[in-house]
Amino acid sequence: MKDKAILFIGFRHKKGSVELAQSLGYKAVLLTQNPSSVARELFDEVVEGDLVNVKTFDQFIPDLKEKYAIKGIISNYEHYVVTRSYLGERFNLPSASPYSAACTRNKAMQRHALTFMKENIDYRVVTTQEETEAAFKELGGDIYLKSIAGIKSRLVFHIDEKTEIAPSFKHLKKTSTELDEDLYNDYDYFDFSFEYPNPKKIFIAEKAVHGQQVSVQSLASNYSIWNAPSICDVYSASQMGRKDSFLAFRILPSKFPTEVITKTKNVAETATKILGLRYCPAYTELIITPDHEIKLIEIASRMGGYRPLMYEEAYGINLNKLMVQSVLGKAIKVDRKPKHYVSMLEFFPEKEGVFDHIEQLKTAENDPQVRSFELMVKQGDKVGLAKHNYPPCLRFLLVGKTYQEVYEKSVEYQKCLKVVVK
């Protein structure tokens, strides 16, 4: 009898789903290019190989099929969702198609695939500053210029004046040639039957839609979709008076009434079905306008970055466990009554420089309502804006009894915890 196993593509730091797969009696097998010491200790087997060469897959797939009964393939990293779907087909496992996965990795492909959804935002694909200027005019000004492969609100430029186009496009184009290959390659080694726009050369201009940003965390099984309780309200840097693209904080459960939450989840489900996502997470970001009109920002084939932590604290729900169950086709049942409200905060400097300190840091560090406190930089590190592709300097979770309590305290922390640079 072969050992039943789950194949994981890529590993960086998320242990939860690996440990849960093992607790359910599955061998955890990792395919990776550069395994860390943590990965070697965590997984039952580590297969090293070049993830941008299909000959690598040709070599290890027959061996794994001989040794294991592979029951599912998981990657909760944006970098590897296309590879995950490609391997799903090679192992004859039900999964999202490579085209579906590519649409979640590439904003130009995604907007095109969702063309006939009324919630899709008007956009133009651009390759030059001149095309960006033309798109700005056609869309009536007030646009977002984005990388088509960006994550965590990085490389997103809000342009409401024509004079901002030149510096924004110049920075975007320069930075896009220096980025993580796992995120910004064009998958030409897979020899797809469809065209994959190159993220280093092609960008997207979208009409800015204003309102309250929210997110929906879902798990797509076979042809059914499970949505996590409530939705998450997301507050941007601009709402804090900052000229940057980072997300200042996110709050669970949402402040919106049930009927709006239901409508928002329906839009997310429609997009998930159109893209053909199966046996994988689906994370959808949307805008709810003041008139409760809903517009779709984007959908990813993974968990939202902080959602496992937030839903664990707010509802006692283990999303990593549910993701494994979903990939294996198992039913999902949870308690949908929240324990308390939570807010997840991130902090960035107001300008690029060398990190020195954060004002009033001890106030947050010693706050009994603060959980998962993580200072992510040290003195001497280079730091900067999210839209220039810098990571956050500090993040933590805040818990409280009411929405108003965590909202007000989140705003106060964004005001007082200033990242000081030299």
Sole candidate of [options] that passes side-chain contact (heavy atoms from CB on, under 4.5 Å) when paired with [X]:
{"X": "K146", "options": "I204, L172, L155", "answer": "I204"}
{"X": "T264", "options": "V214, L296, I287", "answer": "V214"}
{"X": "I73", "options": "I6, L7, V29", "answer": "L7"}

Check: [X] side chain, [Y] main-chain N or O, donor-acceptor pair, under 3.5 Å:
{"X": "Y311", "Y": "P229", "result": "yes"}
{"X": "Q212", "Y": "V234", "result": "yes"}
{"X": "N366", "Y": "T363", "result": "no"}
{"X": "R124", "Y": "E138", "result": "no"}
{"X": "E313", "Y": "L309", "result": "no"}
{"X": "E19", "Y": "G16", "result": "no"}
{"X": "R242", "Y": "Q239", "result": "no"}

Inset, instruction - Among residues two or more places apart or on two chains, list those pairs meeting salt bridge (Lys or Arg N to Asp or Glu O under 4.0 Å) that have a residue in residues 260-271. - result: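 Residue pairs passing salt bridge (Lys or Arg N to Asp or Glu O under 4.0 Å), neighbours aside: none found.
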Inset, instruction - Would you mind listing every salt bridge (Lys or Arg N to Asp or Glu O under 4.0 Å) that reaches into residues 210-236, with sequence neighbours excluded? - result: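 Listed once each, the pairs would be none.
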Pairs touching [range] that satisfy side-chain hydrogen bond (donor to acceptor under 3.5 Å, both in side chains), sequence neighbours left out:
{"range": "residues 110-119", "answer": "R111-N120, R111-E206"}
{"range": "residues 314-340", "answer": "none"}
{"range": "residues 279-299", "answer": "K107-E298, Y283-E285, Y283-R307"}
{"range": "residues 159-169", "answer": "E164-K243"}

Roughly how far apart are [X] [atom1] and [Y] [atom2], rounded to 0.5 Å?
{"X": "S230", "Y": "I251", "atom1": "OG", "atom2": "CD1", "result": "11.0 Å"}
{"X": "L139", "Y": "I159", "atom1": "CG", "atom2": "CD1", "result": "11.0 Å"}
{"X": "N106", "Y": "Y99", "atom1": "CG", "atom2": "OH", "result": "9.5 Å"}
{"X": "Y144", "Y": "I297", "atom1": "OH", "atom2": "CD1", "result": "8.0 Å"}
{"X": "I121", "Y": "I143", "atom1": "CD1", "atom2": "CD1", "result": "12.5 Å"}
{"X": "L398", "Y": "L345", "atom1": "CG", "atom2": "CG", "result": "6.5 Å"}

Legend entry - Cationic N near anionic O, under 4.0 Å, E352 to K382: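 Salt bridge present between E352 and K382.
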Return the set of residues passing ring-ring contact (aromatic ring centres under 6.0 Å, His included) with [X] (not counting sequence neighbours), or none when no residue passes.
{"X": "F43", "answer": "F8, F11"}
{"X": "Y235", "answer": "F249, Y407"}
{"X": "F169", "answer": "F203"}
{"X": "F192", "answer": "F190, F194"}

Inset, instruction - Please step through ring-ring contact (aromatic ring centres under 6.0 Å, His included) for the pair Y86 and F57, ending with a clear verdict. - result: CA-CA 10 Å; Y86 174 82; F57 307 139; 5.6 Å; yes
Under 3.5 Å, is there a donor-acceptor pair between the [X] and [Y] side chains?
{"X": "D142", "Y": "H158", "value": "yes"}
{"X": "R278", "Y": "S100", "value": "no"}
{"X": "Q369", "Y": "E405", "value": "yes"}
{"X": "Y306", "Y": "R395", "value": "yes"}

Legend entry - Stepwise side-chain hydrogen bond (donor to acceptor under 3.5 Å, both in side chains) check, S224 with S221: CA-CA 6 Å; S224 63; S221 189; 4.6 Å; no
Looking at [X] and [Y], what are the two nearest heavy atoms and their distance?
{"X": "V81", "Y": "S301", "result": "CG1-O, 3.3 Å"}
{"X": "P35", "Y": "V46", "result": "CB-CG1, 3.7 Å"}
{"X": "I299", "Y": "A282", "result": "CD1-CB, 4.4 Å"}
{"X": "P392", "Y": "R154", "result": "CD-NH2, 4.4 Å"}
{"X": "F157", "Y": "H171", "result": "CZ-CD2, 3.9 Å"}
{"X": "L275", "Y": "A113", "result": "CD2-CB, 3.7 Å"}

Inset, instruction - Show your reasoning for whether side-chain hydrogen bond (donor to acceptor under 3.5 Å, both in side chains) applies to Y196 and R105. - result: CA-CA 10 Å; Y196 190 98; R105 277 295 303 116; 4.8 Å; no
Can you give me every donor-acceptor pair (side chain of residues 410-422, partner residue at least two apart or in another chain, under 3.5 Å) with its distance?
| from | atom 1 | to | atom 2 | distance (Å) |
| --- | --- | --- | --- | --- |
| S410 | OG | S343 | OG | 2.8 |
| S410 | OG | V406 | O | 2.6 |
| Y413 | OH | D367 | OD2 | 2.7 |
| Q414 | NE2 | A248 | O | 2.9 |
| Q414 | NE2 | E346 | O | 2.8 |

Less than 4.5 Å apart, side chain to side chain, heavy atoms only: is that true for [X] and [Y]?
{"X": "L394", "Y": "F373", "result": "yes"}
{"X": "Y341", "Y": "V399", "result": "no"}
{"X": "L51", "Y": "T56", "result": "no"}
{"X": "L114", "Y": "I274", "result": "yes"}
{"X": "C393", "Y": "P349", "result": "yes"}
{"X": "K173", "Y": "K201", "result": "no"}
{"X": "L219", "Y": "I332", "result": "yes"}

Inset, instruction - Taking atom CG of D188 as the centre, report whether more than 12 heavy atoms of other residues, nucleotides or ligands fall under 6.0 Å from it. - result: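 Check passes, neighbour count above 12.
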Inset, instruction - List in chain and number order the residues that pass salt bridge (Lys or Arg N to Asp or Glu O under 4.0 Å) with E133, two or more places apart in sequence or in another chain; answer none if no residue qualifies. - result: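 Once residues adjacent in sequence are excluded, E133 has no partner under the salt bridge (Lys or Arg N to Asp or Glu O under 4.0 Å) criterion.
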Legend entry - From CA spacing to verdict: side-chain hydrogen bond (donor to acceptor under 3.5 Å, both in side chains), N227, S218: CA-CA 4 Å; N227 295 311; S218 309; 2.6 Å; yes
